[in-house]
Number of protein chains: 2
Amino acid sequence: MSSRDKILRAASRLFRKQGYHATGLSQITAESGAPRGSLYYYFPGGKEELAQEAIQLTGKRIKAYILSAISREADPVKAFQSYIQMMADGIEEYIMEENDDIPIVSVASETWSFSERLRQTCEQVYQDWQLVYQDKLLQSGYAPETAETLSVAIQAMIEGAYVLSVTKKNGRPLSAAAEQIPFLLKRS
Amino acid sequence: MSSRDKILRAASRLFRKQGYHATGLSQITAESGAPRGSLYYYFPGGKEELAQEAIQLTGKRIKAYILSAISREADPVKAFQSYIQMMADGIEEYIMEENDDIPIVSVASETWSFSERLRQTCEQVYQDWQLVYQDKLLQSGYAPETAETLSVAIQAMIEGAYVLSVTKKNGRPLSAAAEQIPFLLKRS
DNA sequence: GTCTATAGTTAGATAGAC
DNA sequence: GTCTATCTAACTATAGAC
C-alpha cells in the first residue's frame, strides 16, 4: 500500500472514532507511519483536503455497499429492512472495531459552519446515497414525488438511528428504524 | 445575569455552532466577558463539566418546548407534524441566529468514544425526550410495545433530518420527515 | 519525491495575588 | 470569590535538507 493510501486510511479510522476536530495530524502520521512532510506533499490543502478525500472515499465505499445490500431483495420493504438490520447487528463490533468508514453525520454536524468545502462534500455524499434509495423506490413503482420525499425520510431515519445507537451503545434504535420501514412503504 | 450563567450561555452558543472540540475555552471566556479563572471556579471539572451542564440545560429547555408544542394538538399525527414543521420552518434563521440550544446529535457523535461522561449525558437527554414522545403515543391509545419502538424511530428521524437540513442549508429534509408521520402512525 | 526540524499559535489547565 | 499571569503540551503548517 502506498504512503498516500496509508495516510488516507489512518485518517479515516481516526475521524470515524474521534471526529474531525479531535483528530490531530500528528496522530494521523503516527498511526500511518508516514512522516509529517509526506502528508503535506500528498495533501497540499492540509487537514481539510485530507478530510475531503477521506469523506469521498467513504461515500463511494458505502454507496457500493448500499447498492449490493439493497439489490439482493426485489421487495423494497425487505431490501431496506435487511440493510438497516445489518447495521443494527454490526453496531457493537463497529464501536470497538478499527473501521475505515467515516460517519457522515458526525463530520457534517461538526463542520457545517466551519468549512464550506467539507459541508458541500458531505452534502454531495448524502445526495449520492439518497439517489440510490430513490431509484430503488422508483423501480418498485412509487411515484417520482413520493420516491423522493420517502428516500429523504428514510435516509434521515438511518442517520439519526445510527447516532442514537452509538450513543446508547446498542443496536436497538437501528432495529426500531428497520421495524418501521413497512409502515413507511405500505402507504395506506 | 450571573457570571456563571454568562459562561454557560456563551459556551452553549459556541458549542451549537462549532461543536465541542472546535470550541476553545479562550473563545468562551472572550464571548462571555468572564475571565479565565472564573470558569474553573464555577466549573472545576473544566471544559467537560461545562459541556455537561450546557447539554443538560438544553435538554430541559427542549423538553419543555416539545411538551408544549406536542400538547397543543390532541391528534398525535398533527402534534408531531406541527412540531417537526416548526423546526423545518425555523432552520434557515436557526443557522444564522445566535441560539443557545446545543444539537445533541452533534455533541453525541463527537464525544461517544472520547468521554463516557458526555456520552451518558447525551443518552439521558435522548431518553427524556423519547419518553415525551412515548407518552403522547400511549395517551393516544397505542400499545406500549408499539409506542416505544415508534417513539425511538420518530426521534431518529427528527435527529437525522435535522443534520440533513443543516448540511443542505434548507428545511426540506425536516419537511419530508413531517410528511411521513401520518404513514408511521396510521399503522395499516 | 521523501523526510526532518521547527516555526508560530493555541489548546486546556493551574498557581497564587488580591 | 474574583481575576491575572503563566505553564506545558498540542496543534497546523512550512522551510529546506537529502
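Chain letters run A, B, ... following the sequence lines, proteins first, then strands; residues in each count from 1. All values derive from a computational prediction rather than experimental measurement.
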Polar-atom pairs under 3.5 Å, protein N or O versus N or O of nucleotides 8-11 of chain C: list them with distances, or write none.
from, atom 1, to, atom 2, distance (Å)
C:dA11, OP2, B:S26, OG, 2.5

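For A:E48 and D:dA13, the CD to C1' distance is 14 Å, given to the nearest whole Å. B:E49 places its CD atom 14 Å from the C1' atom of C:dA13, with the value rounded to the nearest Å. Atom OH of B:Y41 and atom P of C:dA13 are 19 Å apart (whole Å). Between the CD1 atom of A:I7 and the P atom of C:dC3 there is a distance of 9 Å, given to the nearest Å.
For the helix from C:dG1-D:dC18 to C:dC18-D:dG1, the terminal axes (five pairs an end, C1' atoms, rotation from four pairs onto the next four) enclose an angle of 10°, given to 10 degrees.
Among the atoms of the strands shown, only primed sugar atoms or phosphate atoms (P, OP1, OP2) are found under 4.0 Å from some heavy atom of B:G46.
Residue B:Y42 places at least one side-chain N or O closer than 4.0 Å to OP1 or OP2 of D:dT2. At the phosphate of D:dA13, OP1 or OP2 sits under 4.0 Å from a side-chain N or O atom of A:Y40.
At a cut-off of 3.5 Å, with distance as the only test, a side-chain donor of A:E159 or A:Y126 sits close to an acceptor on the other residue. Using modelled atom types, one finds no donor on one side chain facing an acceptor on the other under 3.5 Å when comparing A:T167 with B:E123.
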Audit row: A:M157, B:Q180, side-chain contact (heavy atoms from CB on, under 4.5 Å) steps and yes/no: CA-CA 11 Å; A:M157 201 161 71; B:Q180 302 311 313; over 6 Å; no
Working for salt bridge (charged side-chain N to carboxylate O under 4.0 Å, His left out), residues B:R61 and B:D101: CA-CA 8 Å; B:R61 263 199 306 259; B:D101 292 319; 2.7 Å; yes
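A salt bridge is defined here as a Lys NZ or Arg NE, NH1 or NH2 lying under 4.0 Å from an Asp or Glu carboxylate O, and A:R9 with A:E98 fails to meet this definition. Salt bridge B:R172/A:E148: present, at least one basic N to carboxylate O contact under 4.0 Å. The residues B:E97 and B:K17 are annotated as not salt-bridged, no charged nitrogen and carboxylate oxygen being separated by less than 4.0 angstrom.
Listed nucleotides C:dA13, C:dT4, D:dT14 differ in distance to A:P35; the shortest reach to its side chain belongs to C:dT4.
B:Y162 and B:Y94 have perpendicular rings, their planes meeting at more than 60° on a 0 to 90° scale where under 30° would count as parallel. Note on ring orientation: taking the six-membered ring where Trp is involved, the planes of B:Y83 and B:Y133 are tilted (angle from 30° to 60°).
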